[in-house]
Amino acid sequence: MASDKGVTPRSEDFSRWYTDVVQKAELADYAPVRGCMIILPYGYELWEAVKGGLDRRFKETGHQNAYFPLFIPESFLKKEAEHVEGFSPELAVVTIGGGKELEEPLIVRPTSETIIGWAYAKWIQSYRDLPVLINQWANVVRWEMRTRLFLRTMEFLWQEGHTAHATYEEAEEETRRILDLYADFAIADAAIPVIKGRKSPQEKFAGALHSYAIEAMMGDKRALQSGTSHNLGQNFAKAFDIKYLDINNELQYCWTTSWGVSTRFVGAIVMTHGDDKGLRLPPRMAPYQVVIVPIYREEDEKTPVMEAAWRMKAALVAAGIRVHVDDREGQTPGFKYNDWEMRGVPIRMEIGPRDVEKQSVALARRDIPGKEGKQFVPQEGVAAAVQDLLESIHATMLQQATGMRDANLFEIVGDYGRFGEVVESGGWALTWFCGGAACEQKIKDDYQCVSRCFPFDQPYPGQQGPCIVCGHRSAEMAYFARSY
RNA sequence: CGGGGCGUAGCGCAGUCCGGUUAGCGCGCUUGAUUUGGGUUCAAGAGGCCCCCGGUUCAAAUCCGGGCGCCCCGACCA
């Protein structure tokens with residue numbers, strides 16, 4: 001159980017630790033409805049940082065935002081066989097509206113391929129209309145059995161991109177472009193190292209030709225699918241009649257894609273970087289990159305200290321740095337240190353009477369605890385020093401997460417017992433895998449885990465090896481790991 | 001939907017077995033002092049449909065019956 005002053009240690013109970021941090025850092029709160037959450041302002045700012053990083057990249061690659069309705073006619077979901085089978089168990093259905101039974105029930109969207117497919121069928125006539133590159137930021141609902149704050153809630157926020165193309169190749173190129181975009185965002189903005197790869201047939205999106213994903217290792221070594229990109233082939237085009245006349249005046253079905261990142265990503269940030277003192281936010285995502293804690297005893301000390309604090313803030317803001325001055329009365333500096341460490345602010349700037357006198361400030365970095373991470377710098381040119389420090393913190397956090405992950409990746413060839421030991425101890429096993437449903441099911445039954453992906457980065461490209469289960473020659477290796 | 005646990009102040013809990021003064025404790029909150037370079041200390045306060053409905057009884061947080069809700073472990077999942 002967490003004491004009031006801290007959180008459950010990660011090593012003791014990672015799950016409790018996660019819940020403690022999310023609540024104590026005020027990212028989210030429970031809602032009156034099971035499985036739903038209130039995203040608190042600080043948590044929402046993190047989500048806005050995710051949105052900002054992704055949205056910019058979407059627009060740079062030619063996508064536009066639009067908005068499609070929350071309600072989808074029930075019949076739409078039934079048009080694509082795999083899709084309906086995949087989503088039926090977790091649908092929320094509206095049967096009464098305005099006090100009257102509806103002629104056709106309405107589905108609260110679990111995802112929008114169907115309604116967007118319907119719209120694209122209307123809009124697309126000619127090859128000149130292609131490609132269509134649209135994204136929407138929206139909420140979706142999936143009636144989940146077991147939920148956890150951010151990682152799996154019944155309603156969640158996400159972006160879903162939906163594109164239509166003239167050829168398989170263009171659709172495939174788009175699908176891969178987005179996966180690269182996601183990976184770049186995760187690494188460059190969130191300091192989360194991710195593995196890009198293709199999902200097994202069992203794990204792909206319901207209705208997709210094939211799915212790609214970025215997989216990240218959390219602090220407890222479990223895998224978290226942090227973003228997915230699907231090549232839908234012509235499955236939805238055929239179900240919704242999305243057709244165009246090509247340059248030879250021949251009618252063709254479109255090739256479509258869809259891809260998404262959700263509020264789950266906030267959970268990924270928490271679980272990748274957090275420690276026993278709470279959150280550790282990657283500088284580019286942090287709502288506040290610097291928090292200034294003023295230190296003083298008497299009124300005659302307070303005035304010059306506060307003056308320096310506001311002056312430092314102005315200097316940082318002018319350099320485009322996000323800063324907060326913690327001028328709360330009644331809390332001691334020590335309390336504030338702990339408070340902002342819980343909230344994961346990358347840099348704490350302390351300004352006291354001694355700093356006023358010496359024209360200096362103290363900078364303490366969140367990623368390196370204690371005195372090691374603390375230094376005194378001159379007030380003159382502080383913005384540049386902070387800027388460098390933020391870069392360094394990002395690099396260190398990425399390096400730490402990458403090191404932790406790589407230390408837990410194991411290559412296994414042909415030894416099913418050893419394979420089991422690895423995944424049961426929480427490691428990720430990279431092994432030859434035929435991709436077959438029976439083999440994957442056996443692993444699931446034996447070790448409670450399924451494949452994460454066939455990584456693009458194969459250790460033995462062009463070679464073959466024995467599937468870890470059936471022993472048949474397989475062309476690729478796949479990662480297996482327990483996951484969220 | 002199977003297996004466990006729990007509903008008492010904002011949060012965490014004690015009290016329930018064995019019915020009986022005014023229902024307590026810690027944290028948090030308010031006010032005032034004190035403190036402030038790593039979670040100060042003290043004082044005085046505020047705050048309760050004891051999950052809901054019904055029953056037994058002179059008397060129910062406590063016993064009995066029914067309901068509802070939540071959490072944890074499994075199958076399903078961004």
Side-chain angles (χ1 to χ4, degrees), chain A residues 1-6 13 15-16 19-20 23-24 29-36 85-91 110-111 138-160 182 199 202-206 211 213-216 223-230 258-268 277-278 293-299 301-302 305 326 328-342 348-358 360-362 364 369-371 373-374 376 441 444-445 448 450 483-484:
Chain A
M1 185 141 311
S3 76
D4 290 308
K5 286 185 175 174
D13 184 341
S15 194
R16 284 290 313 238
T19 308
D20 286 351
Q23 290 183 82
K24 295 207 173 190
D29 197 0
Y30 287 104
V33 176
R34 179 190 75 83
C36 295
E85 191 190 333
F87 281 102
S88 286
E90 51 186 42
L91 293 179
T111 179
N139 58 338
V140 290
V141 169
R142 299 181 186 178
W143 214 265
E144 300 290 350
M145 294 301 176
R146 289 195 59 194
T147 58
R148 302 190 61 197
L149 295 170
F150 287 110
L151 298 181
R152 184 170 303 103
T153 47
M154 296 227 297
E155 178 190 8
F156 57 92
L157 306 183
W158 75 347
Q159 58 70 213
E160 47 177 328
Y182 284 162
K199 287 283 175 182
Q202 290 71 239
E203 293 297 303
K204 73 180 174 64
F205 178 75
S211 294
I214 50 171
E215 296 283 336
L224 185 77
Q225 178 176 305
S226 307
T228 49
S229 185
H230 315 292
S258 69
W259 25 275
V261 163
S262 74
T263 34
R264 165 179 273 193
F265 200 88
V266 174
K277 284 175 172 292
V293 178
I295 298 159
Y296 52 83
R297 294 170 209 263
E298 311 295 338
E299 278 301 307
E301 285 178 348
K302 177 179 175 181
V305 163
D326 187 352
R328 284 178 291 178
E329 306 276 353
Q331 268 91 350
T332 63
F335 178 91
K336 292 177 181 178
Y337 298 169
N338 286 283
D339 197 33
W340 292 108
E341 278 164 4
M342 179 64 70
R348 179 180 73 239
M349 180 185 290
E350 304 169 15
I351 305 178
R354 295 207 292 274
D355 297 300
V356 170
E357 197 179 315
K358 292 188 295 185
S360 66
V361 298
K371 283 204 172 112
K374 197 160 157 178
F376 289 86
Q441 186 62 44
K444 191 173 182 179
D445 294 341
Q448 295 81 50
V450 295
S483 68
Y484 280 98

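Letters A, B, ... mirror the listed sequences (proteins, then strands); counts begin at 1.
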Integer angstrom distance from the P of U8(B) to that of A61(B)
15 Å
Pick the C1' atom in C17(B) and in C76(B), then give their distance to the nearest Å.
40 Å
Expressed in whole Å, how much space separates the C1' atoms belonging to C6(B) and U16(B)?
14 Å
Could you tell me how far G45(B) sits from G39(B) if I compare only their C1' atoms? Round to whole Å.
24 Å
Rounded to whole angstrom units, what separation is found between the CD atom of Q331(A) and the P atom of U34(B)?
17 Å
With a 3.5 angstrom cut-off on both distances, give the Watson-Crick or G-U wobble partner of G69(B), or none if there isn't one.
C6(B)
Any donor-acceptor N/O pair under 3.5 Å between G38(B) base and E341(A) side chain:
yes
Treat primed atoms plus P, OP1 and OP2 as sugar-phosphate and everything else as base, then score nucleotides 1-7 of chain B 5' to 3': B for base contact with protein heavy atoms under 4.0 Å, S for sugar-phosphate contact only, - for none.
-------
d(CZ, F335(A); P, C27(B)) in whole Å:
14 Å
Does A46(B) pair with anything, Watson-Crick or G-U wobble, both distances under 3.5 Å, and if so, with which nucleotide?
none
Integer angstrom distance from the P of A44(B) to that of G7(B)
32 Å
Return no unless some side-chain N or O of K24(A) is found under 4.0 Å from OP1 or OP2 of C27(B).
no
Check: F335(A) main-chain N/O paired with N338(A) side-chain donor or acceptor under 3.5 Å
no
Taking the C1' atom of each, how far is G24(B) from G15(B), in whole Å?
8 Å
Would one find a side-chain N or O of T332(A) under 4.0 angstrom from OP1 or OP2 of U40(B)?
yes
Distance between the C1' atoms of C63(B) and G20(B), in whole angstroms?
14 Å
Heavy atoms under 4.0 Å, any strand shown: does A213(A) hit a base, just sugar-phosphate, or nothing?
nothing
Within residues 260-268 of chain A, those residues having any heavy atom closer than 4.0 Å to RNA chain B are S262(A), R264(A)
Does G24(B) pair with anything, Watson-Crick or G-U wobble, both distances under 3.5 Å, and if so, with which nucleotide?
C13(B)
Taking side-chain hydrogen bond (donor to acceptor under 3.5 Å, both in side chains) as the definition, give me every residue that meets it alongside S262(A), ordered by chain and number, with sequence neighbours left out.
none
Separation between the P atoms of C52(B) and A78(B), rounded to whole Å
40 Å
Taking N and O atoms by type only, does the side chain of D339(A) place a donor or acceptor under 3.5 Å from a partner on the base of G39(B)?
no
Heavy atoms only, 4.0 Å cut-off, all strands: where does L224(A) land among base, sugar-phosphate and nothing?
nothing
